[in-house]
Q: 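Below is a structure I'd like to ask you about.
Source: prediction; values computed, not measured. Heavy atoms only: backbone and side chains are in, while hydrogens, waters and symmetry mates are out.
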Amino acid sequence: MPLKPGDPAPDFSLPDGNGNPVNLKDFRGKWVVLYFYPRDNTPGCTTEACGFRDAYADYEASDVVVLGVSTDDAKSHTKFTTKYNLPFPLLTDADGAVGTAYESYGLKKFMGKEYMGISRNTFLIDPDGKIAKVYLKVKPDHHAAQILEDLAALRA
């Protein structure tokens with residue numbers, strides 16, 4: 001059954017690029033943007049990450065936490081974060097368990113080949129730890145701005 005607004009956000013603890021654990025429950029009382037993306041340093045993922053970077057001051061001003069999640073390792077995340085000056089943590093979901101809990105990890109097809117991977121989905125989580133909005137099969141362009149617009153509407 002797909003996650004939908006009003007559902008509790010599945011809790012998790014994942015390491016960031018420095019190996020420090022990041023726990024969803026630690027952000028209770030704040031809005032959280034949890035975005036799943038396939039790979040560091042790929043065109044769509046770079047566009048998406050840089051969109052969040054470019055809007056980050058607006059997210060901070062709104063007291064919103066941004067967390068990116070992929071199956072890439074800490075070394076890859078560190079390079080990606082440094083290369084694009086990303087001001088928010090990227091988390092490593094090595095086995096896809098958190099992606100699975102958020103229905104964002106599973107069988108994918110690319111150029112006729114099947115493989116397990118992350119789907120580009122985003123979850124807006126409210127201060128009570130409930131899903132406020134779900135974005136499936138996200139188009140990276142303007143995604144960060146769209147979330148800010150939706151957040152303003154939800155808070156109104």
Side-chain angles (χ1 to χ4, degrees), residues 3 9-28 30-126 129 131-151:
L3 289 172
D11 202 15
F12 63 82
S13 179
L14 290 174
D16 66 12
N18 296 317
N20 300 314
V22 175
N23 303 298
L24 181 62
K25 67 182 178 198
D26 293 342
F27 299 110
R28 285 286 165 93
K30 292 182 176 245
W31 287 87
V32 176
V33 172
L34 182 65
Y35 83 95
F36 291 87
Y37 67 99
R39 282 276 167 250
D40 292 339
N41 286 303
T42 57
C45 297
T46 300
T47 297
E48 186 174 23
C50 290
F52 284 115
R53 176 201 64 200
D54 295 346
Y56 194 70
D58 294 328
Y59 279 99
E60 272 193 316
S62 298
D63 202 27
V64 178
V65 174
V66 176
L67 303 172
V69 179
S70 80
T71 55
D72 291 311
D73 63 22
K75 184 176 178 181
S76 177
H77 282 338
T78 299
K79 285 182 180 178
F80 190 46
T81 298
T82 301
K83 183 175 181 179
Y84 293 102
N85 197 28
L86 303 179
F88 51 85
L90 300 178
L91 310 179
T92 298
D93 186 17
D95 62 2
V98 173
T100 299
Y102 280 85
E103 298 159 359
S104 297
Y105 181 83
L107 192 62
K108 296 177 73 175
K109 290 183 182 183
F110 182 69
M111 297 180 70
K113 294 185 180 181
E114 291 185 342
Y115 63 98
M116 296 299 285
I118 296 270
S119 296
R120 192 181 311 279
N121 297 331
T122 300
F123 299 84
L124 182 58
I125 301 168
D126 74 17
I131 304 285
K133 190 149 176 82
V134 177
Y135 304 83
L136 301 176
K137 297 181 181 176
V138 168
K139 302 286 186 239
D141 295 324
H142 313 294
H143 182 52
Q146 180 64 56
I147 293 171
L148 285 169
E149 288 176 24
D150 293 343
L151 184 59

Q: State, yes or no, whether a side-chain contact exists between T42 and Y37 at a heavy-atom distance under 4.5 Å.
A: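 In short, these two side chains do not touch, never coming nearer than 4.5 Å.
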
Q: Quick one: closest heavy-atom pair of S104 and F123, and the distance?
A: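 Between these two residues, the closest heavy atoms are OG-CE1, 3.5 Å.
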
Q: Taking ring-ring contact (aromatic ring centres under 6.0 Å, His included) as the definition, give me every residue that meets it alongside F80, ordered by chain and number, with sequence neighbours left out.
A: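 Applying ring-ring contact (aromatic ring centres under 6.0 Å, His included) to F80 gives Y84.
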
Q: Could you tell me the separation between the CZ atom of F36 and the CD atom of E48, rounded to the nearest 0.5 Å?
A: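 Nearest 0.5 Å value for the CZ-CD distance: 11.5 Å.
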
Q: D93 versus F12: any side-chain heavy-atom pair under 4.5 Å?
A: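 They are not in contact (no side-chain heavy atoms under 4.5 Å apart), so the answer is no.
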
Q: Assess whether atom NZ of K108 is packed by more than 12 heavy atoms of other residues, nucleotides or ligands within 6.0 Å.
A: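 Correct, the count exceeds 12.
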
Q: Should I147 and Y35 count as side-chain neighbours, where that means a heavy-atom distance under 4.5 Å?
A: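 Not touching, per the 4.5 Å side-chain cut-off.
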
Q: Atom NZ of K79 and atom CG of D72: how far apart are they, to the nearest 0.5 Å?
A: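 Going from the NZ atom of K79 to the CG atom of D72 covers 11.5 Å.
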
Q: Compare all side-chain heavy atoms of L136 with those of N121 and state whether any distance is below 4.5 angstrom.
A: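 When only atoms from C-beta onward are counted, N121 and L136 do touch, with a gap below 4.5 Å.
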
Q: Compare every heavy atom of N18 with every heavy atom of D16, then report the nearest pair and how far apart it is.
A: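 Looks like OD1-N, 2.8 Å.
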
Q: Working to the nearest 0.5 Å, report the span between CE of M116 and CG of D95.
A: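 Output value for this atom pair is 10.5 Å.
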
Q: When you measure from the side chain of D126 to the backbone N and O of A132, does any donor-acceptor pair fall under 3.5 Å?
A: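 Checking the backbone N and O of A132 against the side chain of D126, no donor-acceptor pair under 3.5 Å is found.
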
Q: Please collect all side chain to side chain donor-acceptor pair (under 3.5 Å) contacts where either partner lies in residues 139-148, sequence neighbours excluded, each pair once.
A: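 Side chain to side chain donor-acceptor pair (under 3.5 Å) check on residues 139-148 returns T122-H143, Q146-D150.
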
Q: What closest approach, in Å, do L24 and P10 show between heavy atoms, and which atom pair accounts for it?
A: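 Heavy atoms of L24 and P10 come nearest at CD2-O, 3.5 Å.
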
Q: Just verifying a value: how many Å separate Y102 OH and L34 CG, rounded to the nearest 0.5 Å?
A: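 Interatomic distance, Y102 OH to L34 CG, rounded to 0.5 Å: 5.5 Å.
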
Q: Which pair of non-hydrogen atoms, one from I118 and one from V69, has the smallest distance, and what is that distance?
A: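 Heavy atoms only, the tightest pair is CG2-O, 4.4 Å.
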
Q: Does some side-chain heavy atom of L151 sit less than 4.5 Å from a side-chain heavy atom of W31?
A: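 W31 reaches L151 side chain to side chain.
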
Q: Please report the shortest heavy-atom distance between T92 and L14, naming the atom on each side.
A: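 Residues T92 and L14, closest heavy atoms: O-CD2, 3.3 Å.
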
Q: Heavy atoms only: give me the nearest L3-A101 pair and the separation to one decimal.
A: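 Here L3 and A101 meet closest at CD1-O, 3.7 Å.
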
Q: Please report the C-alpha distance between L67 and F27 in whole Å, then the side-chain angles of each, then the deciding distance to 0.1 Å, and finally whether the side chain to side chain contact (heavy atoms under 4.5 Å, CB included) criterion is met.
A: CA-CA 11 Å; L67 303 172; F27 299 110; 4.0 Å; yes

Q: Could you tell me whether the side chain of S70 reaches within less than 4.5 Å of the side chain of H77, counting heavy atoms only?
A: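 When only atoms from C-beta onward are counted, S70 and H77 do touch, with a gap below 4.5 Å.
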
Q: If a pair satisfies side chain to side chain donor-acceptor pair (under 3.5 Å) and one of its residues is in residues 50-63, list it, with sequence neighbours excluded.
A: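 Passing the test, one end in residues 50-63: K30-D63.
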
Q: For the residue pair R120 and C45, establish whether any side-chain heavy-atom pair is separated by less than 4.5 Å.
A: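 The answer is yes, as the side chains (C-beta and beyond) meet within the 4.5 Å cut-off.
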
Q: What's the separation between atom CD in E114 and atom CG in L107, rounded to the nearest 0.5 Å?
A: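 If we round to the nearest 0.5 Å, E114:CD and L107:CG are 4.5 Å apart.
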
